[in-house]
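Notes follow the structure.
For the numbers below, each heavy atom of this structure counts, side chains included, while hydrogens, waters and symmetry mates do not. Atoms within a ligand are numbered from 1 in the order they appear, just like the ligands themselves.
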Amino acid sequence: MEFQEVLTKRRSIRKFLPREVEEEKVREIISAGLLAPSAHFREPWKIYWLTKEEKQKVVTMMKDYVERTNTSDSSILKTASVLEQASTLLLVFNTSQEDLTMDLLSIGAMMENMCLKATDLQVASLWVGNPLFVKKEICSFFSVPASWQLVGGIVLGYSEHIPSSLTRKTLEEVLRREH
Ligand SMILES: Cc1cc2nc3c(=O)[nH]c(=O)nc-3n(C[C@H](O)[C@H](O)[C@H](O)COP(=O)(O)O)c2cc1C
């Protein structure tokens, strides 16, 4: 796909077909992530590719969280049901103990590379932050080292859904230029 087309076609997809993303494509998507820049070339990331059972466990943790806390944030349950439908969930951890902001930015670049590569391969993706509500439970379930931090997840799947267009901020709104 042409680069500009990848940029414009990448959208957050929340409706998936019951079709698995091929292992080879998931590997290509992760490999694209690994090409991202990282502060001090620390590459401060680990990616967990969840089994169906592990993905379902995360869904249950999120549903339990909503029930336990009585939160009014309806997006948590919505994200949980998206995870339930989708083929694949990749959880992303920050493994660095150095500069939190720079390392998080590096990981953001890596995650965006994955979303863009997914689009390029005609795989639908969704960046999810809502699993962070149960980050303690997730880290404990996977026995991740205490120094790691869950940063988010990338959901992958196939979809026929075309999201309605979003009105983005314009250049004029975001750019300061005095020359
Ligand atoms: C850090 C981050 C966390 C996000 N978390 C969620 C999430 O938990 N659930 C969800 O449905 N969308 C989530 N999104 C997707 C955003 O809602 C989406 O990117 C935004 O609405 C713009 O839509 P677009 O991606 O289609 O351009 C997240 C996006 C980012 C960058």
Side-chain angles (χ1 to χ4, degrees), residues 1 3-17 21 29-30 32-33 36-39 44-50 54-69 71-96 100-139 148-171 173-174:
M1 211 183 276
F3 186 62
Q4 186 62 28
E5 195 183 350
V6 172
L7 291 178
T8 51
K9 283 208 169 143
R10 188 226 45 87
R11 292 295 311 280
S12 292
I13 303 299
R14 301 180 178 88
K15 272 188 194 146
F16 294 100
L17 298 168
V21 178
I29 289 165
I30 298 171
S38 63
W45 40 63
K46 277 275 184 194
I47 299 160
Y48 279 29
W49 180 349
L50 271 56
E54 289 167 342
K55 182 167 70 66
Q56 192 52 43
K57 182 75 194 170
V58 172
V59 169
T60 306
M61 287 173 189
M62 291 169 74
K63 288 183 175 172
D64 289 350
Y65 172 85
V66 170
E67 208 175 301
R68 189 172 71 242
T69 60
T71 172
S72 58
D73 183 348
S74 63
S75 78
I76 304 172
L77 276 186
K78 281 189 195 143
T79 299
S81 80
V82 175
L83 295 186
E84 217 159 12
Q85 290 173 36
S87 153
T88 306
L89 173 61
L90 305 173
L91 288 179
V92 179
F93 295 89
N94 176 11
T95 59
S96 169
L100 198 58
T101 306
M102 281 214 215
D103 292 316
L104 291 177
L105 291 168
S106 304
I107 293 167
M110 190 275 279
M111 292 175 75
E112 177 65 353
N113 267 18
M114 288 203 280
C115 292
L116 293 174
K117 185 64 192 179
T119 305
D120 185 42
L121 296 174
Q122 297 181 28
V123 171
S125 67
L126 176 67
W127 181 327
V128 286
N130 277 331
L132 296 183
F133 284 97
V134 291
K135 61 182 171 195
K136 261 196 238 142
E137 292 88 333
I138 290 176
C139 288
W148 293 11
Q149 182 197 19
L150 179 66
V151 174
I154 300 291
V155 178
L156 301 171
Y158 284 103
S159 182
E160 281 171 348
H161 181 71
I162 299 167
S164 54
S165 61
L166 293 173
T167 310
R168 307 260 171 191
K169 288 185 179 172
T170 62
L171 256 189
E173 283 177 276
V174 302

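Salt bridge annotation for R14-E84: absent, with no cationic side-chain nitrogen under 4.0 angstrom from a carboxylate oxygen.
More than 12 heavy atoms of other shown residues, nucleotides or ligands fall within 6.0 angstrom of atom CD in E173. Summarising the local packing, CD of Q56 is surrounded by more than 12 heavy atoms from other residues, nucleotides or ligands at distances under 6.0 Å.
For the 3.5 Å distance criterion, the side chains of T71 and D73 fail to qualify, holding no donor opposite an acceptor.
Looking at L132, D103, N94 one by one, the single match for side chain to side chain contact (heavy atoms under 4.5 Å, CB included) with V151 turns out to be N94.
Each of R10, R11, S12, R14, T79, L126, W127, V128, G129, N130, L166, R168 has a non-hydrogen atom positioned under 4.0 Å from some atom of ligand 1.
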Take F16 and Y158, measure what ring-ring contact (aromatic ring centres under 6.0 Å, His included) needs, and give me the verdict at the end. CA-CA 6 Å; F16 294 100; Y158 284 103; 9.2 Å; no

